[in-house]
Amino acid sequence: MAIGRRTPRYQSWRRSVATGFAVAVLLLAGVGVLAQEQEAGTGTPQDRDALHGFLQAVAAHPGVQAAQAALQAARHQLDAAFDPIQFDLTGAYTSLDVDSDFLELIDYVSQSPGVDPTLPTGFVTDGAIINASLTFRPFPFGDIADLADQRQFALQLARLDYLESLTGLEAQALSLALSQALAAQGVELAGQALELSEEALEVAYTRFERGAATERDVREAQAGLIEAQAALANAQANLQLSRSSLHSLVGDTAVPELDGLALPVPVGTPLSVQRSRIQALQAQLGPRGARRNMQPVVQAGYSLNVSEEATVDFSIESRTLQPSVSYNFQPQLGPVYPSQEPQLPDYPRFADVDIPENPVQGSFQIGVSVSLSAGAQSELRAAELQAQAAQSAYEAALQGAQLEFDSLVASLEESIRAEQVARVRLHNATLALDEAQAQLDAGLGVPLEVQSTALELTQAHLNFSQARQQVVQNTLAFYEFYGIPLSEALR
């Protein structure tokens with residue numbers, strides 16, 4: 001089979017991914033679809049559990065914790081917007097600064113009988129003001145509906161930020177784990193190459209002493225040994241660097257075995273498309289609120305006089321349709337006059353009538369308020385243009401996501417072809433070493449040729465491991481593209 005030939009299974013995979021994207025971009029914002037053709041994992045159930053525990057350690061990263069806290073805050077803010085009852089309580093204490101001579105006069109009048117009854121007999125200088133109100137929200141309407149929608153969109157955006165943070169860090173952790181495994185393999189193979197170089201140098205010395213090799217052969221063997229020593233030192237440094245990078249992300253969590261890692265390509269709505277779609281819907285709230293600001297507001301209410309100092313008010317207005325009831329206590333500060341018994345006319349009809357101090361039991365109010373502003377129309381136009389800009393940004397996000405998707409598919413296809421080539425080269429290098437060893441055993445070859453072939457096999461192993469790692473990394477790019485955490489895909 002030709003290396004570049006596309007198998008039916010490979011073509012089916014590409015068609016499924018492309019079809020999934022075409023369908024996903026038509027979905028509403030926030031609706032992600034995880035359609036996978038095979039189960040993700042690393043082989044055995046134990047390996048899957050180890051990988052899942054490894055990814056769970058990423059959730060403790062400060063970046064993920066910050067995004068999760070923001071998500072929880074947005075959820076609580078949304079719950080507050082749907083709170084059915086709002087209670088407000090205010091209080092104040094008032095003290096009047098009254099002329100002291102006047103207060104002495106009032107005190108004298110109150111203690112002197114026969115003084116003019118029209119004069120005050122007391123003076124109230126201090127008192128507390130209390131206002132308690134209950135506002136009911138039977139359903140979101142008007143400004144409250146806009147507030148609820150705004151916080152709903154904020155919650156969705158916070159969720160996307162959380163998914164983006166978690167997915168990115170999980171992909172980074174898995175990539176670093178693969179790099180660490182590759183670096184460890186590089187150290188092992190570099191050590192083998194060093195041993196082979198040392199053996200090759202010994203063989204070169206022996207052949208030189210027998211006259212079967214030249215000084216040039218010895219120098220080349222010495223140079224090969226130095227190169228092998230440098231390669232081992234570089235491999236050890238790379239391994240230490242990958243370990244430090246991974247430790248900074250997951251701490252002391254054990255790294256699972258990733259040789260049998262199989263990650264299917266997910267299908268869903270691209271993260272950028274989801275975010276721009278939510279922002280476009282969010283921008284629609286601007287024109288809606290601007291139009292409401294230009295409409296008249298009708299208020300209606302009834303005030304019940306409980307006493308001379310207290311009232312109970314019932315009110316509602318058309319902007320939110322939230323009924324409210326409030327209790328207001330306002331003390332009557334100032335001079336106190338003696339009460340006088342009213343003289344009723346001598347008529348049988350009013351013989352048993354008591355004249356209250358305040359005959360008004362309550363009052364009903366209804367009114368209309370209109371806000372007239374020269375800039376109201378301009379604000380509406382600005383809000384409409386912002387909504388249009390957000391919609392255009394959403395359409396641009398669709399096009400950008402399509403281009404990014406094509407780029408991801410092309411990169412994955414290229415890495416798969418490179419893996420196939422590396423697999424073939426590894427197989428050929430293995431056969432070449434067997435052939436070289438067989439010729440050496442038959443007395444037809446030389447040890448240096450076997451040494452060179454063995455080094456080529458070592459390099460083929462490294463190239464194949466790097467090619468496999470690149471396939472996994474290009475697959476991880478799809479998870480970041482759709483905002484699908486690996487920990488969810490492994491469930």
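Here the structure is a predicted model, which is why all the values come from computation and not from measurement.
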Q150 and D146: side chain donor to acceptor below 3.5 Å: no
Distance-only donor-acceptor check, side chains Q222 and Y205, under 3.5 Å: yes
Ionic contact status for E384 with R381, cut-off 4.0 Å: yes
Residues R151 and D79 bridged, charged N to O under 4.0 Å: no
Side-chain (Q86) to main-chain (F136) donor-acceptor, under 3.5 angstrom: no
Exam field: side chain S245 to backbone S242, donor-acceptor pair closer than 3.5 Å: no
Between Q473 and S175: side-chain donor-acceptor atoms closer than 3.5 Å: yes
Exam field: side chain N234 to backbone A231, donor-acceptor pair closer than 3.5 Å: no
Considering all heavy atoms, the nearest S318-F141 contact: O-CE2, 3.4 Å
For residues 425-439, which side-chain N or O atoms pair as donor and acceptor with protein atoms under 3.5 Å away, sequence neighbours left out?
| unit_1 | atom_1 | unit_2 | atom_2 | d |
| --- | --- | --- | --- | --- |
| N428 | ND2 | V424 | O | 3.4 |
| T430 | OG1 | L426 | O | 2.9 |
| Q437 | NE2 | D441 | OD1 | 3.2 |

R137 CZ: over 12 foreign heavy atoms closer than 6.0 Å: yes
Qualifying residues under side chain to side chain contact (heavy atoms under 4.5 Å, CB included), relative to A57, sequence neighbours excluded: V250, T253
Side-chain H-bond candidate by donor/acceptor type, Q56 with S487, under 3.5 Å: no
